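What's counted below: heavy atoms across the whole structure, side chains too, no hydrogens, waters or symmetry copies. Counting convention: from 1, in listed order, for ligands and their atoms alike. Quick note: residue numbers are just sequence positions, from 1. Owing to the predicted nature of the structure, the values given are computational and were not obtained by experimental measurement.
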Amino acid sequence: MIRGLQPRRRLGAVACTAGLLLLAIAAQSCHADEPYAPSRNYALQDIRTHLWFDVDRRTIRGEVTESVSALRNDVSQFALDSVDLKIESVQVDGKPARFSVDPKRLIVSLDRPANRGDRYQISIRYEGQPKKGLYFVLPDRNYPRQPSEIWTQGEAEDTRYYIPLYDYPNDRTTSEMILTVPSSWITVSNGRLVGVKDESDGMKTWDWKESEPISTYLISAIAGDFVEKDDTWHGLTLRYVVPRGDGPTIDPTFERTKQMLDLFSSKLGVPYPWAQYAQTSVDDFVEGGMENASATTLTVDNLVNPQLASEERIGTDDVNSHELAHQWFGDLVTCKDWANLWLNEGFATYFEHYWMEQHYSVDDADYEFWRDQNAWFRQPRFFPVPILNRHFDDSTEYEGNVYNKSAWVLRMLREKLGDDDFFRSLHDYLEANRGQNVVTADLQKAIEQTTSINVDQFFHQWIYRAGAPEFEVSYTYDPAMRQVDMNVRQTQDVAGLVELFDVPIQVEIATASGRKTYPIEVNQADQNFTFPADGAPLMVVFDRGDQIFKKVDFRKSTALWMYQLKNGETAPDRAEAAVALGGDRDDPQAVAALSDAALHDPFWGIRVEALRALGKTGGDDAASRVLAVFNSEKEPWVRAVAASVLGSFRGNSAAASRLEAAASNDPAYTVRAAAIESVAAVKAPNAYDIIAASVKADSPDNIVRRAGLRAFGFLGDDRSVSILLDWSAPGKPLRCRQAAIAAMAGLDKRDKAITDALVSYLQDSRFDVRLEAIFALGRRGDQDAVAPLENMLKSGRLTQGEEPYIEESLAVLKAQLAR
Ligand SMILES: [Zn+2]
């Protein structure tokens, strides 16, 4: 899956708020994701579930029939996972059976002990008001036009909240989902739609059948007031499903699904394994996306508005390619336990980049990897923990390792094996394990059997051990010997599960007569290397193209960095140079070089990095150069960054007046939004009036209004309090409410009306609103918020995993009190 709470990576989107920073450090969680798979005494072989819904009471009624087979002798009972479900009756093979329930299980007793291989049919009738697993999003007094939606989210262990069943990934079952719903609704579930039948009472019954065995966290049921557009791809039914009213977003959001299917299935050599591919966007989704087998669920926040599509570099391709890749990695072949989750998430994340490489450019993919690497090193808690880790409370606790570092490891594996052997290995791994549950050793074995290349050391250091190399590199040129003497030291803290690394590195050296690349192997704490050089080097690059996951401290002269920025052949090498030339150096030459890159580099990512570096450099010269880029750049996603960077030049009147103009009338909405926030950041002379006008302006997805609301938070002008209170209120569009609530955190600390409003939103019916209020109360620092937050924690009514965020905000508030 992709977490809904991750800051969006989409370029042109505006910078993250403090709320998201809180999220990044919220480590604890309520998920009961067990790191070891349980032992089993039965196997679930088929499950047929029929669900009815009472939307007024937000309850379900279910009838489920499960075919199971005993895996051991002398089994006298079967324990099913079941939370908060009221079990009305249980039958085994058509006869009433004894059963008991405890808070987490339904235990079905057998008349006489079973022997290995004995088969049973267990039928259960039950009712429930699910706290998790199955969610209702319904119209109410404030949102009468909200489409009715019911959707599920099984991962990690939440299917048991709406179906009593064996619910851990180390088993697989075929399944059937039968949904009886109002006749105007449509439904989506796994597999093939085998029938839709009219009932007598204005209802319809939909019957979906998944005939390939899947782990139960991949079961999905969606029903509601949706619109659907169908297509076909080589005979496969594709469904694009969105809430009623969002129809115009279908084409810009999903138009590349077929190309992704083409790419992944041809490159893997394994045909798409399911009977359909549905992509359904739902309101209030608790994740960003979830790869339910053959039926991905997505958040509506990622739908691409047709009026904004041309302003975004990749639209929502990252999430769509991620969830599609999971259909092979995660669904066809599924991790056996959550400790091996990287076998799902590492591949899905890798294939996001692979899609980017193939559809956009190698530069796009390399740049994204480079950014992911830098982000990982900014989170020290990931460092001492290996990718394969069994010490966690929640399998996504170390998601920086399980997602991004794992994708990086696969990138390095591709480099190590070469393209042909890499993709042949993946093909063989998928074929050998199709329809099964896997551990890391299964991947290692497939690679060795396919390629005869031993990957034990590679897996040891990158998967079973923690950390990454941190290099300190320096060199001197010896004109007499005509050689470069390079010293390389590994400076990471070698302790616990972090060892010295053994990695291949490409060193590129350019002199006046040309450039050459030399392979070296770095495997010691301190090593010296010499390279021939027929003159003083103009450029020395350690790890050309950023092929190894690492951090480097390489002190080089400004002249060398400037040469690298202009002449580096790969995007990461030039990006690295841009970063090095930024910062607080007051060097007009560096500013000129950055300005040249920001104006002329052929790759947009380098123009972005050069702009950011100019922003860090500061000064009027840098400001005027950023302005020049802002005025001449064509790509909206680069201009939006330029507008954001202009926000760092406070006191520069040319920047302020250009931002004021752009905030009022830039033709690109995303640029206008960035300019509005920057108008607040530089405290431009007319900031308040411009921002107030932007809050009144209509725009696609309210993008301009939301920027205005956020900008009020940065401006800190208490005249905006009543506007923010107004836009945060129930009835306003949800994302406007979120923006207003976040902004309210920063305003008049003594104003109890703000605290009272935020406290009232802790009870809001919408998860996103509750979460935003939790963050805002933490940041606001009013101690009056402590009791309401503690009451919320104690209420026992939390449904969607708010606990860690409440605890985080309480910790912030209590730390303030202690000071
Ligand atoms: Zn995922």
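Between K104 and D81 no salt bridge is recorded (no basic side-chain N to carboxylate O distance below 4.0 Å). A salt bridge does not link E212 with R434: every distance from a Lys NZ or Arg NE/NH1/NH2 to an Asp or Glu carboxylate oxygen is 4.0 Å or more.
With hydrogens and angles left out, the side-chain atoms of W233 and D262 include a donor and acceptor closer than 3.5 Å.
Seen from the Zn ion (ligand 1), atom OE1 on E345 and atom NE2 on H326 lie at an angle near 90° (rounded to 10 degrees).
Taking backbone and side-chain atoms together, M290 has no N/O/S atom less than 2.8 Å away from the Zn ion (ligand 1).
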Run the ring pair (Phe, Tyr, Trp, His ring centres under 6.0 Å) check on W342 and Y403 step by step: do they pass? CA-CA 7 Å; W342 84 274; Y403 287 70; over 10 Å; no
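Checked against the Zn ion (ligand 1), the N, O or S atom of H322 at the shortest distance is NE2.
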